[in-house]
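Just so it is clear, the values below take in all heavy atoms, side chains as well, and ignore hydrogens, waters and symmetry mates. Below, chains carry the letters A, B, ... as their sequence lines are ordered, and counting in each starts from 1.
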Number of protein chains: 2
Amino acid sequence: MVTITDVARAAQVSKKTVSRVINDHPDVADATRQRVQAVIDALGYQPSMLARGLVQGRSNTVGVIIDESAEDVFGYPLYSENLRGISRVLSRHNFDMLVHFARHETSYTDLYYQRRVDGLILMSMPVDNPFLPVVLGGDIPYVLTQRVSDHEAPAHWVDVDFESGAVQALEHLWALGHRQFAFLIGPPNKTYARLLLRGYRQALADRGQDIREDLIVRSQPYISASKTVVTALLERPDPPTAFACSDDMMAIQVIQLLQKLGYQVPGDLSVVGSDDALIARLASPLLTTIHQDAYRKGSLAAEMLLEQLGKQVNSPSSRQVLLPTELVVRGSTGPVRSR
Amino acid sequence: MVTITDVARAAQVSKKTVSRVINDHPDVADATRQRVQAVIDALGYQPSMLARGLVQGRSNTVGVIIDESAEDVFGYPLYSENLRGISRVLSRHNFDMLVHFARHETSYTDLYYQRRVDGLILMSMPVDNPFLPVVLGGDIPYVLTQRVSDHEAPAHWVDVDFESGAVQALEHLWALGHRQFAFLIGPPNKTYARLLLRGYRQALADRGQDIREDLIVRSQPYISASKTVVTALLERPDPPTAFACSDDMMAIQVIQLLQKLGYQVPGDLSVVGSDDALIARLASPLLTTIHQDAYRKGSLAAEMLLEQLGKQVNSPSSRQVLLPTELVVRGSTGPVRSR
DNA sequence: TTGAAAGCGCTAACAG
DNA sequence: CTGTTAGCGCTTTCAA
């Protein structure tokens, strides 16, 4: 492996001069620069980031931690989009990312202390992760891709405005004449599920209506309520005319269930999802859903982290960013059916 | 940041002795070891992999390259599973992974020369990637997660036996009485699509039947043929009674299309997918599909790479591994409908 | 069983 | 504009 010393010797200059050339330092005579560059090209020299990192005390590397307890979630396209967003921004700034799947019980600060990553992006970290306080209270640069409780010290995070998305979805359904709603919602310990439900609840309250607790059905992410449960919902007095689901997979399953039960979607019943995953644009009918920009969430997280590291980034600085959501109206919602 | 020097000073020993302790070197007196360890714990010392990597000439890091031209593919759950498999094995051996999204035109050998990763895992690298020969012909340890042409020098890869999966699927359909098959297949430049089709073609040939070229429909991954095309297929003389799709997303779209056209699946028509993604287990009807173990593919790739790096791994060594596929029979295939 | 010295490949500080 | 010296934090000789 060719080193800076090799280049210096071959170009008849000092190592420092070579260093200046590869770092685009201005104080180098053009002639020298060209000579050195020629040698660099000829020898195929590539500077070692390892050595550079050691002496500079930073590695130009960011650690991305994905909590393994989000394993059930990980098959989902949004994660990959987050990663792509992060990666794109980082590579623009000559950073690389060390991706780490963390078990709940292992400290992810090791990446910082051992690998000397310059900062951490914590993806989908559960709020009760035991090592979270260490990061939030320490001096490790970090960004969370999920908000943490408002009561804590102001943390760095990007998140998606699920509540607003839910409000938009309900407004849409309301305008279509729907008044009875069923909610198929992920488990309460998932923040997004809580927030969506809160949004729906608020939007209903604004219209003078209480959410009907008997029409809220909890299930695991991506797995909708069973046929039995859905049937039971529809047999209640004042049955729901619209189903709001906390992700697109659930929504699509519900649609299929309803179709199998002989209902038309959106003719008889309406369904909205959340996320706007690829599948929402492929299902039949096309899914009306709450769009979130997962790529942007990732790229923004990276930008926020780079800014903490003193880099100049495009977006204005802020400790906490709530990305907007937008209801995408497609084919799974329609006017309430007159009886 | 506390260094080995701090520990040495505090423990009244030389740096080398501390080094021996953290590397579990045998030649240390128990008393010394304990004293040093106590200091390490007290100070919270973590050795810098950067410094260690510099002196040892290896970084205990693996580069994982995901070709960006596979962008359309990346929303798909299998990728994430590959990554999880890689990560799990690596961390067991104290390796970390540097994940890099490579554009087609940028050389991914930079990771090796600049970041000094010890080896590369190339995910979904197109066979015509211009830098592939550099890796295959060079002395960089690597593993591909996709086979390359048999005519090349023997390369290191793990792949999935799509052909065998297709054969199994066709056998299953044949046994159910199906004789006319439509194939909704990804683009020809995708290896998996080629191999699936080859398997189907072979299985048909073994039964004395030629594949009907007019029943082969090409489309992009995850996007099935349109309603018009599917309708046209069904209006051909001797229409297909079964649809074989090259991924689960396509299969599910086709099922929905068929249902919308008034057909029962599997009552009137059968559909098989490929991959066994999460969605296959959630769709309605549950999808009969060709299962592949994406997690295993990742973990095996990591093991193969570590072995090249001289590590002791579980699996026996081999340059090329073809992981088995298995047809999972669920609800989307049934006996051909008697007319 | 332990330590001193040297050096991995690079850059920072300071001269010249 | 260029070079010298020193040193980042660790491991590797080689001696003691």
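Side-chain nitrogen and oxygen atoms of B:Thr32 include at least one within less than 4.0 Å of the OP1 or OP2 phosphate oxygen of C:dT2. Residue B:Gln56 has no polar side-chain atom (N or O) positioned under 4.0 Å from OP1 or OP2 of C:dC8. Considering only side-chain N and O atoms, A:Ser48 lies nowhere under 4.0 angstrom from the phosphate OP1 or OP2 of C:dG9.
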**OP:** Under the side chain to side chain donor-acceptor pair (under 3.5 Å) rule, what do B:Gln37 and B:Asp41 come out as? Steps first, then yes or no, please.
**Re:** CA-CA 6 Å; B:Gln37 188 60 53; B:Asp41 294 342; 3.1 Å; yes
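Counting all heavy atoms, side chain and backbone alike, B:Lys190 lies closest to B:Pro221 at CE-CG, 4.2 Å.
Nucleotide D:dG9 holds its P atom 15 Å from the CD atom of A:Gln114, rounded to whole Å. B:Leu54 has its CG atom 18 Å from the P atom of C:dA6, to the nearest Å. Rounding to whole angstrom units, CZ of residue B:Arg58 and P of D:dT11 are separated by 10 Å. With rounding to whole Å, A:Lys15 atom NZ is found 18 Å from D:dT2 atom P.
Residue B:Lys16 has its side chain nearest to D:dT12 when only C:dC10, D:dG9, D:dT12 are considered. Taking the side chain of A:Ser14 as heavy atoms from C-beta on, and the options C:dG3, D:dT4, D:dC10, the nearest nucleotide is D:dT4. For B:Asp27, taking side-chain heavy atoms from C-beta onward, the closest of the listed nucleotides D:dT11, C:dT2, D:dT2 is C:dT2. Closest to the side chain of B:Asn23, from the set D:dG3, D:dT11, D:dC1, is D:dT11.
Side-chain atoms of A:Arg115 and B:Thr61 include a donor-acceptor pair closer than 3.5 Å.
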